[in-house]
Amino acid sequence: MKGKIAFFEGSKKFGIVEHDLPEPEEGALLVKVLCTNICGSDVKNWKGASSVGVGEKPTCQGHEFVGEVYKLGRGVALDSMGNPVKVGDRIVAPYYITCGECGPCKAGRADLCENAYIHLGSVPDQWPYFGGTFATHYYIYPHQKFYKVPDDVPNELAVGANCAFSQVYYGLERAGLKVGETLLIQGAGGLGLYAAAIAREKGAAVIVADGVGERLELAKRFGANHTINISEVSDLSDREVLIKELTGGKGVDVAMEVTGFAGAFEEGIHHLAVMGRYIVIGINSTAVSADIHPGYITRKALTVYGVVRYLPEYLYKSLQFIEKFQNKYPFKEFSERTFTLEELGEALRLSADRKITRAIIKP
């Protein structure tokens, strides 16, 4: 039996090839992709702007997915939480591996595994072929964690847990967001909206800043106490005054950047209170830069957390959160349109133009 795989090649170019489905090696499994999201990093890779997994050769892409177990390799009987798994079960998996042998892994920081990306951006003509989720099938390697999806969580909700939800959940817990604190979220895309819901359930007050009014309205439904439209409050000094008013003059305890805009970093350190914590997630490319005033970090004794991935178990925690609160927050409204694999180019263009919050590909 054959399957289809989409690949990226150069700026805004992609193609689709077919290959025979591989037999999974010991400890691996092959899944049938039920649906997969377009993540912000996918858009960057499509544009050729990311340094991860994209080069001159064609590369498999896509990583936020829900799959159905198609074939189990020898020795695979349990998921990474010890739950029995069989053909036909729905699962999700982090897009990276955790080798367990490198320095970060041994130090308990598997999110920083030195071998995390050895399979990311694989060539579609190299076995096992199915190295990205923009495909009919996806190959999960022996050192790649995976988790069963709860029966009552629909695919369209579970798909967002992988990467986006897990990343902000981990970031908020890395920074130790507590009950009674105030969080500023820079950006009301998918990550920012997820972060708002998580923060509210942690008992924090939430301020969301973005330049798109419709996104800010949605942010309120995801738990934001206050929103700031940066298109209307266009001067940084005016936004500083506003945030001081909202926080009793001290600034926010924690800020999270999920815009991907390098200039947001400078603004974030302005809004933080003394001993504030800053979580940087969206600015993940070394190809961008911005002017900053590091004295703000020094004089306020700020702590900056760079979050590039998440501990694998946060994917499981994210599924549990979604299962518990799926009817409290409008998660179902994230994915406004569904596309076929052949319509991937259109879905990427609409995502890049911010016409849709999350596009779902159903191969």
Salt-bridge present ([X], [Y]; N to O < 4.0 Å):
X      : Y      : answer
Lys145 : Glu313 : no
Arg277 : Glu181 : yes
Lys332 : Glu156 : no
Lys2   : Glu18  : no
Arg74  : Glu25  : no
Lys362 : Glu343 : no

Is a side-chain N or O of [X] found less than 3.5 angstrom from the main chain of [Y], in a donor-acceptor match?
X      : Y      : answer
Thr259 : Phe261 : yes
Glu323 : Gln320 : no
Lys300 : Ile269 : yes
Gln186 : Ala264 : yes
Arg90  : Glu68  : no
Asp79  : Gly82  : yes
Lys148 : Pro84  : yes
Ser231 : Gly211 : yes
Asp42  : Cys39  : yes
Asp253 : Gly276 : no

Side-chain contact, heavy-atom cut-off 4.5 Å: [X] with [Y]?
X      : Y      : value
Arg337 : Ile360 : no
Ile243 : Ile228 : yes
Val307 : Met256 : no
Ile185 : Ile207 : no
Tyr316 : Val92  : no
Pro154 : Gln326 : yes
Thr98  : His143 : no
Thr59  : Val123 : no

Assess whether salt bridge (Lys or Arg N to Asp or Glu O under 4.0 Å) is satisfied between Glu217 and Lys220, documenting all intermediate values. CA-CA 5 Å; Glu217 288 302 313; Lys220 293 176 184 176; 3.2 Å; yes
Step through it carefully: locate the ring centre of Tyr278, locate the ring centre of Tyr305, and say whether they are under 6.0 Å apart. no
Quick check, are the ring centers of Phe8 and Phe14 under 6.0 angstrom apart? no
Go through the steps for Ile38 and Phe339 under the test side chain to side chain contact (heavy atoms under 4.5 Å, CB included), then give the verdict. CA-CA 10 Å; Ile38 289 180; Phe339 301 82; over 6 Å; no
Full working for salt bridge (Lys or Arg N to Asp or Glu O under 4.0 Å) between Lys4 and Glu342: CA-CA 10 Å; Lys4 294 181 179 180; Glu342 287 73 19; 3.2 Å; yes
Any chance you could lay out the side chain to side chain contact (heavy atoms under 4.5 Å, CB included) test for Ile279 and Leu172, step after step, and finish with the verdict? CA-CA 8 Å; Ile279 309 161; Leu172 290 171; 4.0 Å; yes
Do [X] and [Y] sit in one hydrophobic cluster, given that two such residues count as connected whenever their side-chain heavy atoms are within less than 4.5 Å of each other, even indirectly?
X      : Y      : value
Val33  : Phe134 : no
Leu177 : Val258 : yes
Leu302 : Ile292 : yes

Taking atom [atom1] of [X] and atom [atom2] of [Y], what is their separation to the nearest 0.5 Å?
X      : Y      : atom1 : atom2 : answer
Leu218 : Thr227 : CG    : OG1   : 11.5 Å
Ser80  : Tyr147 : OG    : OH    : 5.0 Å
Leu242 : Asp235 : CG    : CG    : 12.5 Å
Ile361 : Phe65  : CD1   : CZ    : 15.0 Å
Tyr95  : Gln144 : OH    : CD    : 11.5 Å
Leu120 : Ser41  : CG    : OG    : 8.5 Å

Test: Arg200 cationic atom under 6.0 Å from Tyr329 six-membered ring centre, within 45° of axis: no
Over-ring placement of Lys317 relative to Tyr169, 6.0 Å and 45° cut-offs: yes
Closest contact, heavy atoms only, Trp46 versus Gly345: CZ2-O, 4.4 Å
Please name the pair of heavy atoms, one in Val153 and one in Ile322, separated by the smallest distance, quoted to 0.1 Å. CG1-CG2, 4.1 Å
Any donor-acceptor pair under 3.5 Å linking the side-chain atoms of [Y] with those of [X]?
X      : Y      : result
Glu240 : His271 : no
Tyr310 : Arg174 : no
Glu232 : Ser234 : no
Thr182 : Thr247 : no
Gln167 : Tyr314 : no

Greater than 12 external heavy atoms within 6.0 Å of Asp20's CG: yes
Greater than 12 external heavy atoms within 6.0 Å of Asp291's CG: no
What orientation do Tyr194 and Phe331 show, parallel under 30°, tilted 30 to 60°, or perpendicular over 60°? tilted
Parallel under 30°, tilted from 30 to 60°, perpendicular over 60°: which one fits the rings of Phe321 and Phe325? tilted
Quick one, Phe265 with Val304, criterion side chain to side chain contact (heavy atoms under 4.5 Å, CB included). Give me CA distance, side-chain angles, the key distance, then yes/no. CA-CA 10 Å; Phe265 187 96; Val304 179; 4.1 Å; yes
Test side-chain hydrogen bond (donor to acceptor under 3.5 Å, both in side chains) on Lys44 and Asn284; report intermediate values, then the result. CA-CA 10 Å; Lys44 291 178 183 177; Asn284 59 10; 2.8 Å; yes
The ring pair (Phe, Tyr, Trp, His ring centres under 6.0 Å) partner of His19 among Phe7, Tyr129, Tyr139, Phe130 is Tyr129
Qualifying residue, where the test is side-chain hydrogen bond (donor to acceptor under 3.5 Å, both in side chains) with Thr36 and the options are Asn155, Thr133, Asn162: Thr133
